[in-house]
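Contents: one structure, followed by commentary.
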Amino acid sequence: MNDLEAIKNRRSIRKYKGKPIENEKREILEKLVQRCNEEGNLNIFICYDDPLGFDSKLAHYGNFYNVENYIVLSGTKSNDLDIRAGYYGEKLVIEAQKLGLNTCWVALTFNKNRVKKFINSNQSLVCVIALGYGDEEGHVHKNKDISKIVTNTDDLDIEWFKKGVIASLLAPTALNQQKFKIQRTDNKAIISISGFGPYARVDLGIVKYHFEMASGHETTVF
């Protein structure tokens with residue numbers, strides 16, 4: 001499975017089997033975590049075999065079951081922390097999908113008191129990603145019409161740009177609101193927040209990763 005196939009196959013999964021993640025897969029993920037932290041100046045780490053991270057009323061309210069592994073996204077507070085966390089967090093999500101694992105971005109419905117114990121006082125928690133072997137198929141989220149997120153539909157005639165936009169529509173966003181716009185400028189794209197929404201800047205980072213990976217072109221976000 002390549003990255004594009006992983007993007008198309010990924011679903012947000014909330015129910016898990018409780019099956020341990022094999023050591024060889026952990027090693028692959030840990031190496032990628034290290035690279036993401038170095039490139040993104042982040043403090044990402046994975047908690048394995050820890051059901052307490054999702055042992056809370058909020059987690060049960062969010063219909064999370066048997067979540068025993070999760071990715072913690074944190075870093076030194078800055079204006080672009082959420083964007084970087086979204087970008088590199090999604091990079092890990094796609095790698096997990098290629099390894100046959102499932103994931104779900106989680107902003108609120110987890111045990112924050114438990115997770116914060118693993119983070120230094122000078123670090124800010126952004127959100128977490130549930131990780132493991134899913135016990136459900138998940139649902140394909142409804143996408144906006146492609147013409148609603150581009151500023152100039154004529155740009156969709158350009159192959160690399162259209163590939164990036166299509167991949168962006170497959171990106172998970174908070175409440176599936178897809179509050180972003182994309183425009184082309186020469187050989188780059190500009191991705192911006194459209195309106196307001198919870199964790200919109202994390203979404204921006206996720207969309208940025210999808211667009212760049214699918215199109216092979218750089219983006220600017222704001």
Side-chain angles (χ1 to χ4, degrees), residues 3-4 6-8 10 12 32-33 35-44 71-97 103-108 123-129 141 143-222:
D3 287 344
L4 282 174
I7 279 180
K8 293 175 182 177
R10 185 212 61 83
S12 295
L32 182 55
V33 165
R35 292 203 302 272
C36 289
N37 283 335
E38 291 173 354
E39 293 176 13
N41 190 26
L42 292 163
N43 179 39
I44 301 173
I71 302 168
V72 179
L73 304 175
S74 65
T76 303
K77 191 173 183 178
S78 67
N79 291 335
D80 66 344
L81 173 59
D82 285 0
I83 293 174
R84 287 183 284 116
Y87 185 92
Y88 287 100
E90 186 65 5
K91 190 178 184 72
L92 284 161
V93 163
I94 298 307
E95 184 64 29
Q97 187 72 34
T103 55
C104 184
W105 282 84
V106 190
L108 297 173
Q123 300 288 311
S124 295
L125 173 64
V126 179
C127 54
V128 305
I129 301 169
H141 67 245
N143 293 328
K144 285 184 176 180
D145 185 272
I146 195 169
S147 63
K148 301 295 184 182
I149 67 164
V150 296
T151 56
N152 183 357
T153 55
D154 289 342
D155 286 337
L156 294 172
D157 293 332
I158 300 172
E159 185 177 3
W160 69 263
F161 185 78
K162 186 175 182 179
K163 284 182 177 179
V165 171
I166 291 173
S168 297
L169 282 169
L170 296 174
T173 58
L175 304 177
N176 194 34
Q177 293 183 335
Q178 297 184 318
K179 291 189 173 183
F180 59 88
K181 289 279 189 180
I182 305 176
Q183 69 180 81
R184 183 184 67 86
T185 171
D186 298 325
N187 288 320
K188 294 180 65 175
I190 298 173
I191 307 173
S192 57
I193 296 172
S194 175
F196 300 94
Y199 293 88
R201 291 176 66 78
V202 175
D203 293 346
L204 205 54
I206 297 173
V207 173
K208 174 181 172 68
Y209 179 75
H210 275 230
F211 188 99
E212 291 185 352
M213 191 280 300
S215 70
H217 288 246
E218 294 181 357
T219 63
T220 300
V221 299
F222 65 91

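Both backbone and side-chain heavy atoms feed into the values below; hydrogens, waters and symmetry mates do not.
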Show the nearest heavy-atom pair for residues [X] and [Y], with the distance to one decimal.
X	Y	value
S74	Q123	C-OE1, 4.2 Å
A85	L73	O-CD1, 3.7 Å
L81	S124	CD2-CB, 4.0 Å
S168	F180	O-CZ, 3.7 Å
G40	R84	O-NH1, 2.6 Å
V33	I44	CG1-O, 3.2 Å

To the nearest 0.5 Å, how far apart are [atom1] in [X] and [atom2] in [Y]?
X	Y	atom1	atom2	result
L156	K162	CG	NZ	6.5 Å
D155	W160	CG	CH2	8.0 Å
N37	Y88	CG	OH	10.0 Å
K77	L125	NZ	CG	12.5 Å
C127	I71	SG	CD1	10.0 Å
I191	T220	CD1	OG1	9.0 Å

Exam field: side chain [X] to backbone [Y], donor-acceptor pair closer than 3.5 Å:
X	Y	result
D203	A174	yes
R184	D186	yes
K181	K148	yes

Within-4.5 Å side-chain heavy-atom neighbours: [X] and [Y]:
X	Y	value
T76	N41	no
L92	I129	no
S192	Q183	no
W105	T173	no

For residues 169-178, the salt bridge (charged side-chain N to carboxylate O under 4.0 Å, His left out) pairs (sequence neighbours left out) are none
Side chain to side chain contact (heavy atoms under 4.5 Å, CB included) partners of N143, counting only residues at least two apart
H141, L169, L170, Q178
Looking at [X], I want to see if its [atom1] is surrounded by more than 12 non-hydrogen atoms of other residues, nucleotides or ligands under 6.0 Å.
X	atom1	answer
K144	NZ	yes
E218	CD	no
N79	CG	no

Test salt bridge (Lys or Arg N to Asp or Glu O under 4.0 Å) on K163 and E159 and set out the steps.
CA-CA 6 Å; K163 284 182 177 179; E159 185 177 3; 3.4 Å; yes
Give every donor-acceptor pair under 3.5 Å between a side-chain atom in residues 204-213 and any protein atom, sequence neighbours left out.
{"residue": "K208", "atom": "NZ", "partner": "E212", "partner atom": "OE2", "Å": "2.8"}
{"residue": "K208", "atom": "NZ", "partner": "T219", "partner atom": "O", "Å": "3.0"}
{"residue": "K208", "atom": "NZ", "partner": "T219", "partner atom": "OG1", "Å": "3.0"}
{"residue": "H210", "atom": "ND1", "partner": "A167", "partner atom": "O", "Å": "2.9"}
{"residue": "H210", "atom": "NE2", "partner": "E90", "partner atom": "OE2", "Å": "2.7"}
{"residue": "E212", "atom": "OE1", "partner": "Y87", "partner atom": "OH", "Å": "3.0"}
{"residue": "E212", "atom": "OE2", "partner": "T219", "partner atom": "N", "Å": "3.0"}
{"residue": "E212", "atom": "OE2", "partner": "T219", "partner atom": "OG1", "Å": "2.8"}

